[in-house]
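This one's a predicted model, so the numbers in the text were calculated from it and none came from an experiment.
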Amino acid sequence: MYVLNRLEELIAAYLSLLDNVATFLLTFALVYAIGRYVVLPLVSAALDYRDTERTLQRGLERVVAFGVIAAAIVVGLSIAGLSFVLDRAAILVAALTVALGFAAQNVVGNFVSGAFIVTDPSFNIGDWIRWSDQEGIIEDISFRSTRVRTLDNETITVPNSELTANAVTNAVLNDRLRLTFPIAVSYDADLDAVTRILTDAAVDHPDILADPQPTARIAALDDAVQVVASFWIADPDRSTYARVRSEYAREIVDRLEREGIDLAAATPQALEQSAAAGPRSAIHARTDDTDSGTDE
């Protein structure tokens with residue numbers, strides 16, 4: 001008789017537990033569905049309405065998605081009468097946090113760096129950036145890493161801590177970008193004609209700004225005369241930058257040939273200067289537009 005009573009109690013306990021689990025699953029599914037198909041779309045619509053920057057919007061949407069899951073778990077356990085699991089889970093999570101804090105310092109560092117990057121208005125999806133010896137277009141920013149598409153159409157997953165620990169150049173942070181174009185001519189060339197050709201070619205190009213005015217100046221006297229043209233483009237991106245430089249190069253070669261001016265053999269210094277010419281606006285320090293029209 002005692003054994004039969006114990007068996008009935010055991011069966012009742014298991015049935016009660018199954019009922020609690022079923023209640024938890026149903027509640028979890030209901031709360032998650034409300035969050036996934038009602039709350040998240042409303043949050044996205046509100047962010048779109050406020051014209052929130054795309055990078056920050058994605059970060060906030062991820063946070064809300066995690067919040068929906070956490071809320072579904074908490075509500076499900078509470079309604080199912082399993083709230084004691086939360087108390088034990090809190091102790092377990094605290095212990096795991098301490099252990100993981102030592103074992104996964106890099107992961108934690110990347111997460112913290114990701115939080116700073118996601119909320120940084122000067123670091124956005126679609127930006128063309130350069131860091132260390134790499135460059136590319138930002139495709140996605142998560143709390144752990146940033147995905148960058150290189151100019152060779154390769155994808156690099158960069159730990160966020162690497163980007164926050166190094167200097168990063170953002171070529172499209174401002175609304176315009178200065179391009180410099182160095183050439184070398186012989187000492188017997190008409191330098192006035194050379195500077196005129198360089199500036200006129202920039203003025204005549206439809207994508208080169210007239211203000212600040214394009215300039216051309218003698219930069220160095222080496223084996224040849226080094227002349228550098230400087231001009232600005234608006235709303236810069238990587239494709240526009242490459243296209244304008246290429247079209248400008250073709251144009252000045254044609255104009256120099258028509259004037260009978262030969263380009264001198266490039267010296268190592270000129271090659272180094274040409275390779276270094278490029279975007280110069282840093283991600284954490286905006287270009288001072290008040291100096292844009294000065295003799296740079």
Side-chain angles (χ1 to χ4, degrees), residues 1-121 123-125 138-147 155 157-161:
M1 187 66 177
Y2 173 77
V3 174
L4 183 59
N5 289 337
R6 291 292 299 171
L7 182 60
E8 289 177 352
E9 291 175 358
L10 185 61
I11 292 174
Y14 274 113
L15 289 176
S16 177
L17 179 61
L18 288 175
D19 180 66
N20 291 339
V21 171
T23 302
F24 166 75
L25 293 176
L26 289 174
T27 306
F28 175 87
L30 178 61
V31 175
Y32 178 78
I34 293 174
R36 175 69 177 80
Y37 298 105
V38 177
V39 176
L40 278 176
L42 287 176
V43 170
S44 298
L47 294 174
D48 287 336
Y49 177 77
R50 294 178 60 86
D51 197 23
T52 305
E53 202 286 321
R54 185 170 45 152
T55 303
L56 180 58
Q57 179 173 341
R58 287 194 181 183
L60 292 175
E61 288 174 347
R62 288 191 177 102
V63 171
V64 173
F66 287 132
V68 166
I69 296 175
I73 293 175
V74 172
V75 173
L77 291 175
S78 299
I79 293 179
L82 301 173
S83 56
F84 65 90
V85 175
L86 295 175
D87 298 331
R88 297 179 180 178
I91 298 175
L92 179 61
V93 168
L96 288 175
T97 300
V98 175
L100 291 175
F102 292 100
Q105 295 183 23
N106 290 336
V107 175
V108 175
N110 287 328
F111 184 86
V112 173
S113 299
F116 285 108
I117 289 176
V118 167
T119 56
D120 188 345
F123 197 99
N124 303 308
I125 294 172
I138 299 175
E139 286 197 331
D140 186 51
I141 302 173
S142 68
F143 285 102
R144 186 191 69 83
S145 62
T146 297
R147 190 169 67 246
T155 299
T157 300
V158 187
N160 288 328
S161 59

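- Heavy-atom minimum distance, T27 versus G76: CG2-CA, 3.7 Å.
- In terms of heavy-atom proximity, V68 sits nearest to R36 at CG1-N, 4.2 Å.
- Between L40 and V64 there is a side-chain heavy-atom pair separated by less than 4.5 Å.
- Among all heavy-atom pairs drawn from G35 and P41, the shortest one is O-CD, 4.4 Å.
- To the nearest 0.5 Å, atoms OG1 (T23) and CG (L18) are separated by 10.5 Å.
- How far CD1 of I141 is from CZ of R147: 10.5 Å, rounded to the nearest 0.5 Å.
- Taken to the nearest 0.5 Å, the CZ atom of F28 stands 13.0 Å off from the CD1 atom of I79.
- The main-chain N or O of S142 is found under 3.5 Å from a side-chain atom of N160 such that the two form a donor-acceptor pair.
- Legend: residues meeting side chain to side chain donor-acceptor pair (under 3.5 Å) with S44, ordered by chain and number and at least two apart, are E61.
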